[in-house]
There are 2 protein chains.
Amino acid sequence: MANRKPTISDVARVAQVSEATVSRALRGIQSVDPILVARVEAAAERLGYTPNPVAQDLRFGSSRAIGIMVPDLANPYFGRLVRAISRAATAKGYRTLLSDTGENPDEELGALGTLARHVDGVVMCSPRMSDSNLSQAAKLFQPLVMTARLSRGVGITSVAVDSYRDCGELIGQLHKLGHRRLVFVSGPEHSWQNAERARAVIDSGAFGMHCDVVAGGTEIVDGYKAVDLALEANPTVIVAFNDILAIGVYEALRERGVAIPRDVSVASFDDISIAAHLTPALTTVRSPREEIGQRALDALMALIKEEEVPATHSLTAEVVMRESTGPALQIDEQSTRL
Amino acid sequence: MANRKPTISDVARVAQVSEATVSRALRGIQSVDPILVARVEAAAERLGYTPNPVAQDLRFGSSRAIGIMVPDLANPYFGRLVRAISRAATAKGYRTLLSDTGENPDEELGALGTLARHVDGVVMCSPRMSDSNLSQAAKLFQPLVMTARLSRGVGITSVAVDSYRDCGELIGQLHKLGHRRLVFVSGPEHSWQNAERARAVIDSGAFGMHCDVVAGGTEIVDGYKAVDLALEANPTVIVAFNDILAIGVYEALRERGVAIPRDVSVASFDDISIAAHLTPALTTVRSPREEIGQRALDALMALIKEEEVPATHSLTAEVVMRESTGPALQIDEQSTRL
DNA sequence: CTCGGTTCAGATATCGATTTCTAGCCTATC
DNA sequence: GATAGGCTAGAAATCGATATCTGAACCGAG
């Protein structure tokens, strides 16, 4: 960019002082003769000089940039998260490098390596990375913060909601509404969040919730396709891994003439902006993206300054009950329906 | 990152050669004694040496990074676009710096300046920037490509769909369905795309379409709020600036008991992934994000290499007719409804 | 009047990598 | 056998900015 930018020596020549004086004058870091300061400032102004950040980075040994790794920007959830992190970084004078890892978790480690060389630290939103890759990443690239997953024991600072607890909370509320037969439409296979939510689902059997898990995925159609199998279990409520899947579930249920929430309730996770505006409005567990982004960045800044940072920041998501969940059908009602 | 990375002189010391030889050996750019090459490679391997990209950037005078400016990552449309650009850049060995300009178009120029210093070129997705800021940006930061807007005459290479033509195409198809009263729910105030679509709407009066424009915005609620005013015009079809607004329009219509498409048809622009899965499936004008991203990056690469590049790349969007549009109500049918 | 101390501008080393310059050595040819 | 030419490896310059070192000027005090 900016093919022939003026350098500090151009300014020095014009102002007829040394380069060192230009640097001092412009940064106000030491006392310099006001006359010289004025000359330097005038020269810099006239030439349109701004210090070359690459040279500064080399000198300071820091790039004042952070990296963000994100699996899928097309998902508004990650879009919001990236925005939150990026803004927090900008507020601290850091730039943001983005790395979209796409569908292949295998390349993540390599992409991280490339990214890491250019930045002072990385925030990973990589819920699907395997534990072994994760701990290897932790060894190789240190100022590192995870989001979208709590990684206890791997030695990576992580900021995320406790998906197990939050899912349990949701199921508890569904239980109060009388639901006893639940189907969970799962998310991406290796996702930590998915594992946690599925675990919560299964554990809820302890208080009398009959649960099944059917395979979902990451796209709307994955939710759509899961519905046939889900309905075989005769559920009173379907819980999807996230709002994207729930949209597919909505569509499939509607096509089959199953009314929400009269016949089957639907709930999911994330609370992307569309959730509240679907018909019926979707019950979902809102994860505090802005807060996650802010806390993740704070933790990263602390790590960069080599301060002590708690290993895990566990945030609380909020169950937002909307119209897609209602009282469970009684058994006899349900059988007449079929 | 990586607190104390080995440098080239560490490798040189271990391999007992000069730094110059290390550089030559590792890059294979000149003939070097194979014995020394082996020594250097072994040393580099052992130390885990990779060249410091900041130093390389300084030396080469290029950062091998591009910048992307984007107004709103929470909008899945921009998420997809950023992903497309970012992947194309990665494929060419370029990194991606992201700048989320947020709501205030005033800061865009400043943010662009900051971004521009760090990269070899910038892709702007800034449909709302004023023409004067735009031409100023074009002067200050040259390798620059616009998307989401065709800027003829401003001297910025742009890659976008021709919104005027595409909107005309959509209206033509609605006209064939018998629609004669249309309301356009507009997008962000200073958006070029919005201006073009509104212009197409107004010009369609020429072939007997009665049109009104009501103020919308960028969020779902903006579409929601616009509906009351829109219905006053008694339209047979509501066209929203984008799919996000259309979601709000859906919600409001449903609350008012207006059936889509029986009573009123709805159409919009973008074709974000949710559009096809709404009920009814949303008729929309699909803009080819992947192609826009790829072409924008190609154009930027060409500019960086100082090749000649056509000023505007005009792509074609595709009208995707789905269930939300149907034949217009006849006048008498409509009056019985009210 | 001179000496010690302070202040400030310029010269220089530095960050890490690459490239040009240079010197030495080997070979080939007359 | 001597000189010219071709290679190769090391020394040094370079990219642009900043921090440290150095030297000069100026101040006040003895």
Side-chain angles (χ1 to χ4, degrees), chain A residues 1-44 47-65 93 95 114 116-120, chain B residues 1-41 43-44 47-65 93 114 116-120:
Chain A
M1 204 89 188
N3 304 354
R4 218 156 294 284
K5 277 268 182 180
T7 73
I8 198 170
S9 69
D10 295 325
V11 179
R13 198 172 338 104
V14 170
Q16 301 191 307
V17 296
S18 72
E19 301 178 12
T21 302
V22 174
S23 179
R24 283 189 284 249
L26 291 179
R27 316 178 67 224
I29 206 109
Q30 268 186 40
S31 63
V32 180
D33 187 337
I35 296 175
L36 294 187
V37 173
R39 279 227 304 274
V40 169
E41 281 176 349
L47 296 173
Y49 168 79
T50 53
N52 179 335
V54 175
Q56 288 181 319
D57 288 351
L58 178 60
R59 187 68 238 254
F60 292 135
S62 114
S63 59
R64 291 195 77 74
R95 285 164 298 116
T114 308
R117 295 248 41 188
H118 293 274
V119 297
D120 296 346
Chain B
M1 204 92 190
N3 304 355
R4 219 155 294 283
K5 277 269 181 180
T7 73
I8 198 169
S9 70
D10 296 325
V11 178
R13 199 173 336 104
V14 170
Q16 300 191 308
V17 295
S18 72
E19 301 178 11
T21 303
V22 173
S23 177
R24 284 190 282 251
L26 291 179
R27 316 179 66 223
I29 207 110
Q30 268 185 41
S31 62
V32 180
D33 187 337
I35 296 175
L36 295 187
V37 173
R39 278 227 305 273
V40 169
E41 281 175 350
L47 297 173
Y49 167 79
T50 53
N52 179 334
V54 176
Q56 289 182 318
D57 288 351
L58 178 61
R59 187 68 237 251
F60 292 136
S62 118
S63 60
R64 291 195 77 74
T114 308
R117 294 248 41 189
H118 293 273
V119 297
D120 296 346

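Convention: sequence-line order gives letters A, B, ...; per-chain numbering from 1. Please read these numbers as outputs of a predicted model, since none were measured by experiment.
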Nucleotide nearest [X] (side chain, heavy atoms from C-beta), chosen from [options]:
| X | options | answer |
| --- | --- | --- |
| B/Ile8 | C/dA17, D/dA17, D/dA9 | C/dA17 |
| A/Pro51 | D/dA19, D/dA17, C/dG16 | D/dA17 |
| A/Ser23 | D/dG10, D/dA17, D/dT18 | D/dT18 |
| A/Phe60 | C/dA17, D/dG16, D/dA19 | D/dA19 |
| A/Thr21 | D/dC15, C/dC15, C/dG10 | C/dG10 |
| B/Arg27 | C/dA13, C/dA17, C/dT19 | C/dT19 |

Practice task
Determine the contact category for B/Asp57: base if any of its heavy atoms lies under 4.0 Å from a base atom, sugar-phosphate if only primed atoms, P, OP1 or OP2 are that close, otherwise nothing.
Solution key: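 The answer is nothing, as B/Asp57 stays clear of every strand by at least 4.0 Å.
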
Practice task
Return yes if some donor-acceptor pair links the side-chain N/O of A/Arg95 with the main-chain N/O of A/Ser63 below 3.5 Å, else return no.
Solution key: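 Checking the backbone N and O of A/Ser63 against the side chain of A/Arg95, a donor-acceptor pair under 3.5 Å is found.
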
Quick one: side-chain contact (heavy atoms from CB on, under 4.5 Å) partners of [X], sequence neighbours excluded?
| X | result |
| --- | --- |
| B/Val17 | B/Ala15, B/Thr21, B/Val22, B/Leu36, B/Arg39, B/Val40 |
| A/Ala44 | A/Val11, A/Leu26, A/Tyr49 |
| B/Arg64 | B/Ser62, B/Tyr94 |

Exercise for the section: Could you check which residues of residues 9-19 of chain A get a heavy atom under 4.0 Å from DNA chain C? Sort them by number, please. Expected result: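 Residues of residues 9-19 of chain A that come under 4.0 Å of DNA chain C are, in numerical order, A/Val17, A/Ser18.
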
Practice task
Scan for salt bridge (charged side-chain N to carboxylate O under 4.0 Å, His left out) pairs involving residues 6-15 of chain A, sequence neighbours excluded, and state none if there are none.
Solution key: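 Passing the test, one end in residues 6-15 of chain A: A/Asp10-A/Arg13.
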
Problem - Verdict with reasoning, B/Thr50 to B/Lys5, per side chain to side chain contact (heavy atoms under 4.5 Å, CB included) - result: CA-CA 8 Å; B/Thr50 53; B/Lys5 277 269 181 180; 4.0 Å; yes

Mind calculating the distance between [atom1] ([X]) and [atom2] ([N]) to the nearest angstrom?
| X | N | atom1 | atom2 | value |
| --- | --- | --- | --- | --- |
| A/Leu58 | D/dA19 | CG | C1' | 14 Å |
| A/Leu47 | D/dG16 | CG | P | 14 Å |
| A/Arg39 | C/dA9 | CZ | C1' | 11 Å |
| B/Asp33 | C/dC26 | CG | P | 13 Å |
| B/Asn52 | C/dG16 | CG | C1' | 6 Å |

Practice task
Please check the phosphate of C/dG16 (OP1 and OP2 only) for any side-chain N or O of B/Tyr49 closer than 4.0 Å.
Solution key: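 No, B/Tyr49 has no side-chain N/O under 4.0 Å of OP1/OP2 on C/dG16.
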
Exercise for the section: For D/dG16, take OP1 and OP2 only and decide whether either is under 4.0 Å from a side-chain N or O of A/Gln56. Expected result: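 So the side-chain polar atoms of A/Gln56 never come under 4.0 Å of the phosphate oxygens OP1 or OP2 of D/dG16.
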
Short N/O separations, protein against nucleotides 20-24 of chain D, under 3.5 angstrom:
unit_1	atom_1	unit_2	atom_2	d
D/dT20	O4	A/Arg24	NH1	3.3

Exercise for the section: Measure the spacing between CG of A/Asp57 and CG of B/Leu58 and express it to the nearest 0.5 Å. Expected result: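 Nearest 0.5 Å value for the CG-CG distance: 10.0 Å.
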
Exercise for the section: Measure across A/Arg117 and B/Pro51 and return the closest heavy-atom pair with its distance rounded to 0.1 Å. Expected result: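 Between these two residues, the closest heavy atoms are NH1-O, 3.2 Å.
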
Problem - Partner set under salt bridge (Lys or Arg N to Asp or Glu O under 4.0 Å) for A/Arg27, not counting sequence neighbours - result: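 Checked A/Arg27 against salt bridge (Lys or Arg N to Asp or Glu O under 4.0 Å); zero matches.
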
